[in-house]
Amino acid sequence: MNHNNNKISKVVIAGGGTAGWIAAAALSKKLGELLDITLVESEQIGTVGVGEATIPPLRTFHQLLGIDEQAFMRATQATAKLGIAFENWGKQGDRYVHSFGKMGTSAWMCDFHHFWLHGREMGFDSEIGDFCLELQVAEEGKFATSEKSPLNFAYHLDAGKYAKFLREFSERHGVTRLEGKILEVQRNNETGSIDSLLLEDGREIAGDLFIDCTGFRGLLIAEALDTGYEDWSQWLPCDRAVPVQTRATGPALPYTRSIAHEAGWQWRIPLQSRVGNGLVYSSHYLSDEDAMEKLLSNIEGETITEPRVIRYQTGRRRQAWRHNCIALGLAGGFVEPLESTSIHLIVTGITRLMQLFPFGGISPSLVDEYNQQTRDELEKVRDFIVLHYHVTGRDDSEFWRHCKSMQIPDSLAHRIHLFRERAHAYQDGGELFRVDSWVQVMLGQGLVPEGYHPLPRLMNREEMRKFQQGIRSGISRVVSALPQHQEFIERYCMADEREVSP
Ligand SMILES: Cc1cc2nc3c(=O)[nH]c(=O)nc-3n(C[C@H](O)[C@H](O)[C@H](O)COP(=O)(O)OP(=O)(O)OC[C@H]3O[C@@H](n4cnc5c(N)ncnc54)[C@H](O)[C@@H]3O)c2cc1C
């Protein structure tokens with residue numbers, strides 16, 4: 001690597017999907033005075049066009065960029081998301097919600113679910129979700145936000161409109177957008193780094209640092225730099241998805257629905273005027289034709305787009321940063337959309353780059369640090385997703401029998417073992433999913449702990465009753481004061497433009 005003494009000031013972003021424009025927005029707003037930023041995209045190639053459910057840290061990112069929430073929600077026809085309802089996952093007919101909320105009140109020695117488990121043993125009949133505000137708000141179809149709102153939430157948004165919104169934002173902050181198809185990635189013979197991108201019309205875009213946001217292909221990181229791919233399909237067998245959009249038939253729910261079927265699952269993402277639907281499946285167990293038919297027979301409302309098959313391979317690039325190229329978004333890898341983590345990983349990827357930005361030149365230690373952090377983060381997300389497939393009572397199809405019996409990563413096996421034995425769940429340093437998430441999904445998938453922490457045993461029956469009652473009545477007070485989600489959307493951020501075209 002021969003960049004050590006080179007100043008990095010010209011950044012070229014290849015690709016203008018959600019990844020490209022998130023990178024452009026963040027870099028231009030926060031480092032725009034130090035950098036010259038160009039983004040190249042091709043309308044002819046287009047974007048993947050999916051990715052419409054998000055998770056709460058996106059709000060922090062928007063705040064950091066000074067994005068006005070109402071303007072953003074109006075522009076992207078966004079609705080609120082309080083979690084995901086998982087149907088038919090633990091077994092057919094089952095349903096649980098993984099909400100963004102906190103369960104009850106924890107003690108420093110052990111989390112709330114230990115108290116809940118002890119309460120159950122004492123004969124108190126309740127679900128863990130009865131102690132979570134966000135979950136109860138979601139179940140009632142309610143929502144509101146304000147400066148003092150106690151709700152932890154995210155958004156459902158229109159992916160195309162979000163890219164457009166971020167493009168306007170980025171161009172306002174000085175990003176130069178070039179329309180054109182990248183024909184060739186030109187590398188330096190001596191260093192192996194990328195010197196420039198050659199466009200189809202002959203223009204040459206030179207840069208010091210390149211961010212590959214070209215989608216699954218990874219035009220720079222994979223095709224030019226030949227960075228290997230770590231395949232995770234032995235743990236995440238779904239490899240295709242068919243998305244289709246439908247016109248909304250009723251009020252938007254404040255949560256995503258994830259409905260398992262015999263060879264994967266189906267999503268329903270409610271926006272202001274339309275619903276994003278899609279069937280995720282393993283091509284080993286379900287044909288494209290059957291997937292299409294299954295999807296179309298399980299949607300509500302008139303379809304407004306043509307369903308099309310998207311193929312993918314779950315996994316990650318072995319190096320997210322190689323030479324002077326950093327891969328973001330689908331170019332860097334794909335876990336799978338079950339917990340809506342991809343947009344979040346784009347945000348953390350660009351944030352990490354800004355924290356480690358190689359102003360003084362690229363050094364191996366910077367690159368190693370970036371790659372190590374990216375790998376750790378992704379592997380933990382992967383484990384959380386694999387949990388949903390592996391811990392299940394379903395054995396009604398070959399797909400589920402495979403998922404149930406497959407070998408899982410040691411890191412996940414350890415977590416499952418700890419929870420089964422002692423109800424112990426934890427969030428590692430830098431890990432995205434909190435204890436509340438692990439607990440909701442492990443219990444929701446049917447993992448029953450054999451023991452729990454003894455601390456709650458210090459409570460007598462009456463103390464436990466009062467403790468639980470206090471939490472539940474606090475929650476119901478807040479829930480009853482909230483408006484319906486639809487009512488909130490209409491008042492707060494209904495798009496002027498009600499058209500539902502893709
Ligand atoms: C089925 C499915 C469902 C998903 N659901 C979610 C979800 O609910 N939540 C979530 O967070 N994420 C989700 N994702 C992931 C999410 O869609 C992506 O992370 C996000 O859209 C970012 O995509 P991207 O920008 O990396 O790639 P793309 O959208 O594919 O953009 C690639 C860009 O590169 C450009 N490009 C490519 N080649 C060239 C070339 N030769 N010359 C010039 N330009 C070029 C294209 O024109 C385009 O602008 C989902 C993904 C899939 C597959």
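Both ligands and their constituent atoms are indexed starting at 1 by order of listing. Any value given below was found using the heavy atoms of this structure, including those in side chains, with hydrogens, waters and symmetry copies removed.
- Heavy-atom proximity to Trp267, at under 4.0 Å, picks out these atoms of ligand 1: 1 (C), 3 (C).
- Taking the charged nitrogens against the carboxylate oxygens, Glu339 and Arg382 have no contact shorter than 4.0 Å, which rules out a salt bridge.
- Using bins of under 30°, 30° to 60° and over 60° for the plane-to-plane angle, the ring pair Tyr96/Phe86 lands in the parallel bin.
- Contact annotation for Glu52 and ligand 1: only backbone heavy atoms (N, CA, C, O) come within less than 4.0 Å of the ligand.
- One distance of note links CE of Met73 with CG of Asp68; it measures 11.0 Å at 0.5 Å rounding.
- The number of heavy atoms from other shown groups lying within 6.0 Å of CD (Gln234) is above 12.
- In the vicinity of Gly329, heavy-atom distances shorter than 4.0 Å reach the ligand 1 atoms 26 (O).
- Geometrically, ligand 1 and Ile45 share no nitrogen or oxygen pair separated by less than 3.5 Å.
- When each atom of ligand 1 is checked for a heavy atom of Ile346 under 4.0 Å away, the hits are 19 (O), 22 (C).
- Salt-bridge annotation for Glu43 and Arg177: present, with a side-chain N of the basic residue lying under 4.0 Å from a carboxylate O of the acidic one.
- Side-chain N/O atoms of Gln313 and Asp239 include no donor and acceptor closer than 3.5 Å.
- Scanning the protein heavy atoms around atom 17 (O) of ligand 1, the nearest turns out to be Val50 O, 3.0 Å.
- Remark: Glu293 CD is loosely packed, at most 12 non-hydrogen atoms of other residues, nucleotides or ligands lying under 6.0 Å away.
- At least one N/O-N/O distance between Ala19 and ligand 1 falls below 3.5 Å.
- Listed by atom number, the atoms of ligand 1 under 4.0 Å from Gly215 heavy atoms are 27 (O), 30 (O), 32 (C).
- Of all the atoms in ligand 1, the ones that sit under 4.0 Å from a non-hydrogen atom of Ser42 are 43 (C), 44 (N), 47 (O).
- Counting only heavy atoms of the protein, atom 5 (N) of ligand 1 lies nearest to Pro337 CB, 3.4 Å.
- Counting heavy atoms closer than 4.0 Å to ligand 1, residue Leu219 contributes side-chain atoms (C-beta onward) but none from N, CA, C or O.
- Between Phe216 and Tyr312, the two ring planes are parallel [angle under 30°; tilted spans 30° to 60°].
- Proximity of Ala241 to ligand 1, defined as any heavy-atom pair under 4.0 Å, is confined to the side chain (atoms from C-beta onward).
- Under 3.5 Å, the side chains of Arg352 and Gln373 contain a donor-acceptor pair of N or O atoms.
- Among the atoms of Ala53, some N or O lies under 3.5 angstrom from an N or O of ligand 1.
- The protein heavy atom nearest to atom 26 (O) of ligand 1 is Leu330 N, 2.9 Å.
- For ligand 1 and Gly180, the ligand atoms under 4.0 Å from any heavy atom of the residue are 42 (N), 43 (C).
- Using a 4.0 angstrom heavy-atom cutoff, Ala14 does not count as in contact with ligand 1.
- With ligand atoms numbered from 1 in the order given, ligand 1 contributes 17 (O), 21 (O), 28 (P), 29 (O), 30 (O) to contacts under 4.0 Å with heavy atoms of Val48.
- Both tests pass for Arg415 against the ring of Tyr426: distance under 6.0 Å to the centre and angle within 45° of the axis.
- Geometrically, ligand 1 and Ile182 share a nitrogen or oxygen pair separated by less than 3.5 Å.
- Of the protein's heavy atoms, Thr214 O, 3.5 Å lies nearest to atom 37 (C) of ligand 1.
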Applying salt bridge (Lys or Arg N to Asp or Glu O under 4.0 Å) to Asp226 and Arg322, what does each step give before you reach the verdict? CA-CA 10 Å; Asp226 204 17; Arg322 186 160 153 74; over 6 Å; no
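- Close approach to Ser340 involves these atoms of ligand 1, each under 4.0 Å from a residue heavy atom: 9 (N), 11 (O).
- Note: an N/O pair closer than 3.5 Å links Gly16 and ligand 1 by distance alone.
- Checked by atom type and distance alone, the side chain of Tyr285 never pairs as donor or acceptor with a backbone atom of Trp400 at under 3.5 Å.
- For the pair Gly46 and ligand 1, a heavy-atom separation below 4.0 Å is found.
- The shell of residues lying under 4.0 angstrom from ligand 1, judged by heavy atoms, includes Phe334.
- Atom 13 (C) of ligand 1 has as its closest protein heavy atom Gly51 CA, 3.3 Å.
- Considering backbone and side-chain atoms together, Arg217 places no N or O closer than 3.5 Å to any N or O of ligand 1.
- In this structure, Leu345 falls outside the shell of residues with a heavy atom less than 4.0 angstrom from ligand 1.
- Across Gly15, Cys213, Ser342, heavy-atom proximity to atom 32 (C) of ligand 1 is greatest for Cys213.
- Phe153 and Phe100 have their aromatic ring centers separated by at least 6.0 angstrom.
- Listed for the Asn324 side chain is a donor-acceptor partner under 3.5 Å among the backbone atoms of Ile194.
- Glu171 and Trp21 form no side-chain donor-acceptor contact under 3.5 Å, judged by distance and modelled atom types alone.
- Under the 3.5 Å distance criterion, with hydrogens and angles disregarded, a donor-acceptor pair is assigned to the side chains of Glu490 and Gln486.
- Heavy atoms of Leu183 found under 4.0 angstrom from ligand 1: none, in either backbone or side chain.
- Looking at Ala331 next to ligand 1, no N or O pair under 3.5 Å apart turns up.
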